[in-house]
Colleague: 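Below you will find the structure I want to go over with you.
Just so you know, these numbers come straight off a predicted model, no measurement behind them. Each chain gets a letter, A, B and so on, in the order its sequence line appears, and its residues count up from 1.
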There are 2 protein chains.
Amino acid sequence: MALVFNSNDIAMMDQRYRATFINSLGGFKSVCMIGTRSRAGVSNLAVFNSFVHLGANPPLFGLVFRPDTVERHTLDNILETRVFTVNHLTEENYVPAHQSSAKYPKGVSEFAETGLTEELQPGMFPPFVLESKVKIAATFVQKIDIEINKTILVLAKIKQVMLPDDVLRTDGFIDLQAAGTVTCSGLDAYYTAHLLERLSYARPGFMPQPHVVS
Amino acid sequence: MALVFNSNDIAMMDQRYRATFINSLGGFKSVCMIGTRSRAGVSNLAVFNSFVHLGANPPLFGLVFRPDTVERHTLDNILETRVFTVNHLTEENYVPAHQSSAKYPKGVSEFAETGLTEELQPGMFPPFVLESKVKIAATFVQKIDIEINKTILVLAKIKQVMLPDDVLRTDGFIDLQAAGTVTCSGLDAYYTAHLLERLSYARPGFMPQPHVVS
């Protein structure tokens with residue numbers, strides 16, 4: 001049987017129930033740790049599930065920030081320094097990654113608190129997560145204020161990508177299952193992903209076939 | 001061994017290679033079919049992997065559109081009629097869903113071409129996908145032009161949610177694995193998701209525990 005919820009049903013939900021419901025409604029989500037460092041040198045790490053691809057050339061993505069939460073430290077650091085890192089979650093690090101969403105006071109490094117290892121690279125100001133396999137260094141491009149609910153969309157450009165050599169396929173596809181990348185749903189559920197198949201490029205008149213990588 | 005790609009390496013990639021590479025870089029993505037109908041009554045269906053949660057109260061999400069592609073028909077219809085549907089992909093319908101991304105001419109319904117079944121509901125103008133289990137009716141809120149690469153972010157409000165009664169947990173969590181919802185990576189790879197665990201709300205000083213639903 002199908003359950004149906006209209007606008008009024010949603011408006012009448014208990015606040016926590018609604019947050020869980022709406023957050024799990026849109027499907028499985030990209031989840032990553034954003035690493036930043038303040039000008040004063042304090043490292044910060046926070047888990048995000050709002051990474052959205054915007055374009056490949058130039059390589060751009062977006063991140064959504066809620067200004068009333070712990071994520072604010074991340075946003076402050078990005079606006080201050082214009083640089084940050086994106087680090088994938090894996091089966092090995094999703095528990096400390098989730099912990100990085102706790103409301104630590106400003107000035108406390110989530111690396112120290114969660115047990116994740118801060119990885120500093122020559123010429124890179126913000127910290128990476130040593131335990132992550134797929135890592136991106138990014139620079140701030142633009143901040144867009146979404147007036148209707150005071151969220152903030154940050155646009156960023158990809159400056160450097162690091163990944164294990166055994167997960168890159170010959171056509172540029174990154175095999176995230178081989179990389180151990182996990183996905184999430186809602187506010188607290190973590191999942192591994194298992195390939196059904198890659199499909200061929202869709203053209204009118206031909207149903208998709210399994211994608212063949214030469 | 002880790003591979004490292006800097007800005008110049010990415011800029012020098014073959015265009016298709018780069019599109020595949022950058023599209024699979026951000027982690028597993030939400031994937032859904034957007035159902036619309038033009039004022040003239042022509043139904044349209046297109047697959048999107050850019051659904052992003054924006055807030056629960058009011059229930060808002062975003063979708064990214066690339067104006068130079070087939071998605072344009074979807075955007076035209078949304079701007080014309082202000083309403084659309086979001087339909088989850090499952091193991092049973094991801095192949096025809098992928099096919100809906102083929103460049104059909106305007107005036108052709110992807111329902112007819114892909115074999116998916118158009119579901120019209122009383123009082124709802126845009127079509128749903130009968131074969132989907134989790135479905136959302138949404139209304140247009142705002143269009144934000146992202147100047148740097150001419151993409152368009154559409155903000156929308158959730159007006160109605162339909163889901164099977166056996167996937168809703170007592171705390172509002174929608175069990176997408178039980179609903180058969182699939183996730184995607186890159187431009188053409190589809191995956192099932194398998195729960196590792198739900199974690200407790202993160203608080204400083206306490207490492208996350210398995211989430212207990214009463």
Colleague: Any chance the rings of B:Phe65 and B:Phe48 have centres within less than 6.0 Å?
Modeller: yes
Colleague: Please rank A:Val86, A:Val31, A:Val4 by heavy-atom pairs under 4.5 Å with chain B and give me the top one.
Modeller: A:Val4
Colleague: Where along residues 152-162 of chain A does a heavy atom come under 4.5 Å of chain B, listed by residue number?
Modeller: A:Leu153, A:Leu155, A:Ile158, A:Lys159, A:Gln160, A:Val161, A:Met162
Colleague: Is there a donor-acceptor pair closer than 3.5 Å between any side-chain N or O of A:His88 and the backbone N or O of B:Leu25?
Modeller: yes
Colleague: Is a donor on one side and an acceptor on the other found under 3.5 Å between the side chain of B:His98 and the backbone of A:Ser200?
Modeller: yes
Colleague: Could you list the donor-acceptor pairs under 3.5 angstrom formed by side chains in residues 12-19 of chain B, with sequence neighbours left out?
Modeller:
residue	atom	partner	partner atom	Å
B:Asp14	OD2	B:Arg16	N	3.1
B:Asp14	OD2	B:Tyr17	N	3.1
B:Arg18	NH1	B:Ile10	O	3.2
B:Arg18	NH1	B:Ala11	O	3.0
B:Arg18	NH1	B:Met13	O	3.3

Colleague: What residue in A:Val141, A:Ile146, A:Val108 has the most heavy-atom pairs under 4.5 Å with chain B?
Modeller: A:Ile146
Colleague: Under 4.5 Å heavy-atom distance to chain A, tell me which part of B:Ile144 shows up: side chain, backbone, both or neither.
Modeller: side chain
Colleague: Could you tell me whether the side chain of A:Thr20 and the main chain of B:Phe173 form a donor-acceptor pair under 3.5 Å?
Modeller: no
Colleague: Taking the six-membered ring of B:Tyr190 as reference, does the NZ or CZ atom of A:Arg198 fall below 6.0 Å from its centre and within a 45° cone about the axis?
Modeller: no
Colleague: So do A:Gln99 and A:Tyr104 actually touch side chain to side chain, heavy atoms under 4.5 Å?
Modeller: yes
Colleague: Given the options B:Gln142, B:Glu113, B:Glu91, which has more heavy-atom pairs under 4.5 Å with chain A than any of the others?
Modeller: B:Glu91
Colleague: Does B:Phe111 offer a backbone N or O that forms a donor-acceptor pair with the side chain of B:Ser109 under 3.5 Å?
Modeller: yes
Colleague: Would the A:Phe28 and B:Phe28 ring centres measure less than 6.0 Å apart?
Modeller: no
Colleague: Return yes if some donor-acceptor pair links the side-chain N/O of B:Thr183 with the main-chain N/O of B:Tyr191 below 3.5 Å, else return no.
Modeller: no
Colleague: Where does B:Pro105 contact chain A at under 4.5 Å (heavy atoms): side chain, backbone, both or neither?
Modeller: neither
Colleague: Please look at B:Val167 and chain A and tell me whether the side chain, the backbone, both or neither of the residue comes under 4.5 angstrom of a heavy atom of that chain.
Modeller: neither
Colleague: Suppose a student defines contact as a heavy atom less than 4.5 Å from any heavy atom of chain A. Which residues in residues 49-59 of chain B would they list?
Modeller: B:Ser50, B:Phe51, B:Val52, B:His53, B:Leu54, B:Gly55, B:Ala56, B:Asn57, B:Pro59
Colleague: Between chain B and each of A:Thr114, A:Leu196, A:Asn149, A:Val95, count heavy-atom pairs under 4.5 Å; write down the option with the most.
Modeller: A:Leu196
Colleague: Under a 4.5 Å heavy-atom cutoff, which of B:Val182, B:Ile22, B:Leu60 has the most pairs with chain A?
Modeller: B:Ile22
Colleague: Tell me whether B:Asn87 contacts the main-chain N or O of B:Lys135 through its side chain, where contact means a donor paired with an acceptor under 3.5 Å.
Modeller: no
Colleague: Quick check on A:Ile136 against chain B: is it the side chain, the backbone, both or neither that has a heavy atom closer than 4.5 Å?
Modeller: side chain
Colleague: Could you go step by step and tell me if A:Phe21 and A:Phe5 meet the ring-ring contact (aromatic ring centres under 6.0 Å, His included) rule?
Modeller: CA-CA 11 Å; A:Phe21 183 82; A:Phe5 300 89; 5.1 Å; yes
Colleague: Just so I understand: if I count every heavy-atom pair under 4.5 Å between each of A:Ser7, A:Ala2, A:Gly115 and chain B, which residue has the most?
Modeller: A:Ser7
Colleague: For B:Thr151, is it the side chain, the backbone, both or neither that has a heavy atom under 4.5 Å from a heavy atom of chain A?
Modeller: side chain
Colleague: Would you mind telling me which of A:Ala193, A:Gly186, A:Gly172, A:Ser30 has the largest number of heavy-atom pairs within less than 4.5 Å of chain B?
Modeller: A:Gly172
Colleague: In terms of heavy-atom pairs under 4.5 Å with chain A, which of B:Leu199, B:Thr181, B:Asp175 leads?
Modeller: B:Leu199
Colleague: side-chain contact (heavy atoms from CB on, under 4.5 Å) with A:Arg203: which residues, sequence neighbours excluded?
Modeller: A:Tyr201, A:Phe206
Colleague: With respect to chain B, which residue among A:Glu197, A:His211, A:Met207, A:Lys29 yields the maximal number of heavy-atom pairs within a distance under 4.5 Å?
Modeller: A:Glu197
Colleague: Please determine if A:Asp166 and A:Lys133 form a salt bridge, counting it only when a charged side-chain N lies under 4.0 Å from a carboxylate O.
Modeller: no
Colleague: Main chain of A:Asn93, side chain of A:Glu131: is a donor-acceptor contact present, judged purely on distance under 3.5 Å?
Modeller: no
Colleague: Which bit of B:His194 comes within less than 4.5 Å of chain A, counting heavy atoms only: side chain, backbone, both or neither?
Modeller: both
Colleague: Counting only N and O atoms by type, is there a donor-acceptor contact under 3.5 Å from the side chain of A:Asn23 to the main-chain atoms of A:Leu187?
Modeller: no
Colleague: Between A:Glu147 (side chain only) and A:Asp145 (backbone N and O only), is there a donor and an acceptor less than 3.5 Å apart?
Modeller: no
